[in-house]
Amino acid sequence: MTTSESDRPGRRGGLILGIETSCDETAAAVVRGGRDVISNVVASQIALHANYGGVVPELASREHLRNIVPVVRAAMREANVRFEDLDAIAVTNGPGLAGALLVGILYAKALAFGAGKPLIAVNHLEGHIHAVLLEARHRGEEPMAMPLLALVVSGGHTHLYLAEQGDDAAGWTYRNIGRTVDDAAGEAYDKVAKLLGLGYPGGPWIDALASYGNPHAVPFQFNVIKAGPVRDGQPAPNKKAPVNEEGVRFNFSFSGIKSAVLRYVQAHGMREGAEARHRALSALGAPSVSAALELCDGRTLDLIASFQYAVVGVLIRQTLAAAEAYGARSIVVSGGVAANRELRRRFQEEAGRAGLSVEFPSLALSTDNAAMIAAAAWPRLLAGEFAAEDMGATPQLKLG
Ligand code: KG4
Ligand code: ZN
């Protein structure tokens, strides 16, 4: 798509409508200049998917269809802008669920076509990184020192990117230097919470209950996938690679700890208790943390605390090791798991000891939202990088 002279980038201060439908949140936001969030509307489907203990793709698409029009209208109304006021419309084109992505893409295309505005495609993972950059810019902070290392940690991803911005503020480049080889960290939180009879999504429950248990009660060991050179796109695990070697990867693995928790539950006869807890919490509808706490015995709380202690530890260790190996000067942590309180606290402490700054998004911008999509679109608007007319959903879209 092209722009006319009257629509040239930044004419209205870079007013962008962002749309995000990659998973289970239908979201729309209006952001100015990649810096000021004028409106940010999120319709969560959590209650719907909670009945199934995870996201059901067909239901997600149907809900997006139901929500997309009212959510976009609400974002425009709250921002008090009209379509003709926009400089561009941005939409997530992947990674995510194909049907869910398509709802946002088709609607964004129709809006862009109808209003004669350029359309910008945004990678969801790039969006998570820009959630942090957006808020830092809004606070008027100095740009973060480059190179910047970004840990994107959510229900679908645990990825490390080395990010750098060109001199002209327009171009960001990303290089993937690590990822999970199996489950994402958020997925491990969700599966462990389900195993213990807690609600969905599991991360917030484990976050809330972990502080009541002993984090050293169960010493979980991680099969840390050591830094190794990349061969044929695959990491070569357990090969110690020299610092700063080109192509060194810092991967994660979370399926082992999930199985270890399962074995612990079986070995200590905790299955029935977890099932009873699940029934009791379901009967309460929307249970409080104190209700869940009363339903947890000491051993369960210790298991929860130990699981979180181990997961947070490995996330921080691998990220700091990657930062050292690649000479990163600042760290950004984003995605749903970045909402975790212990992760934030220990990251600040340990990065501080290593002399690095670490930034998290506000809680509202940690989980999926469209403000981050509109913010990531801003450099693309400046660079005039617009989506092709035949742009579709790319469920496995990579970044870097
Ligand atoms: O970024 P997000 O909203 O969606 C994806 O792109 O996946 O992340 C959702 C994930 C879920 O796995 C959820 O359990 C986890 O983030 N999560 C948390 C917390 N809040 C959400 N994990 C740990 N602690 C939290 N406070
Ligand atoms: Zn996400």
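Atoms within each ligand, like the ligands themselves, are counted from 1 in listed order.
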With heavy atoms under 4.0 Å as the rule, classify the contact between [X] and ligand 1 as side chain, backbone, both or neither.
X      : value
His128 : side chain
Val337 : both
His124 : side chain

Are [X] and [Y] linked by a side-chain donor-acceptor pair shorter than 3.5 Å?
X      : Y      : answer
Thr92  : Glu20  : yes
Asp183 : Ser255 : no
Asn340 : Gln308 : yes
Ser362 : Glu135 : yes
Thr21  : His64  : no

Going from CD1 on Ile120 to CD1 on Ile373, what distance comes out if it is rounded to the nearest 0.5 angstrom? 11.5 Å
When you measure from atom 1 (O) of ligand 1 to each heavy atom in Ser22, Ala338, Gly336, Gly155, which option holds the nearest one? Gly336
The criterion is side chain to side chain contact (heavy atoms under 4.5 Å, CB included); which residues satisfy it with Arg137, sequence neighbours excluded? Arg35, His130, Leu133
Need the ligand 1 atom indices (1-based, order shown) with element for anything under 4.0 Å from a heavy-atom of [X].
X      : value
Gly156 : 7 (O)
Thr367 : 3 (O)
Gly186 : 12 (O)

Is [X] salt-bridged to [Y], cutoff N-O under 4.0 Å?
X      : Y      : answer
Asp302 : Arg299 : no
Arg62  : Glu58  : no
Arg277 : Asp297 : yes

Is there any N or O on Asp207 that sits under 3.5 Å from an N or O of ligand 1? yes
Ligand 1 and Pro201, any nitrogen or oxygen pair closer than 3.5 angstrom? no
At what distance is the nearest protein heavy atom to [atom], and which residue and atom is it?
atom                    : answer
atom 14 (O) of ligand 1 : Asp190 OD1, 2.6 Å
atom 3 (O) of ligand 1  : Asp368 N, 3.2 Å
atom 24 (N) of ligand 1 : Asn340 ND2, 3.0 Å
atom 22 (N) of ligand 1 : Gly203 CA, 3.3 Å

Less than 6.0 Å separating the ring centroids of Tyr200 and Tyr52? no
Provide the closest heavy-atom pair for Val312 versus Leu343 in the form atom of the first, atom of the second, distance. CG1-CA, 3.8 Å
What verdict does the salt bridge (charged side-chain N to carboxylate O under 4.0 Å, His left out) test give for Glu63 and Arg66, after you've listed the backbone C-alpha separation in whole Å, the side-chain angles of each residue and the deciding distance to 0.1 Å? CA-CA 5 Å; Glu63 279 302 293; Arg66 217 197 292 271; 3.0 Å; yes
Which protein N, O or S atoms sit under 2.8 Å from the Zn ion (ligand 2)? His124 NE2, His128 NE2, Asp368 OD1
Does even one non-hydrogen atom of Cys23 get within less than 4.0 Å of ligand 1? no
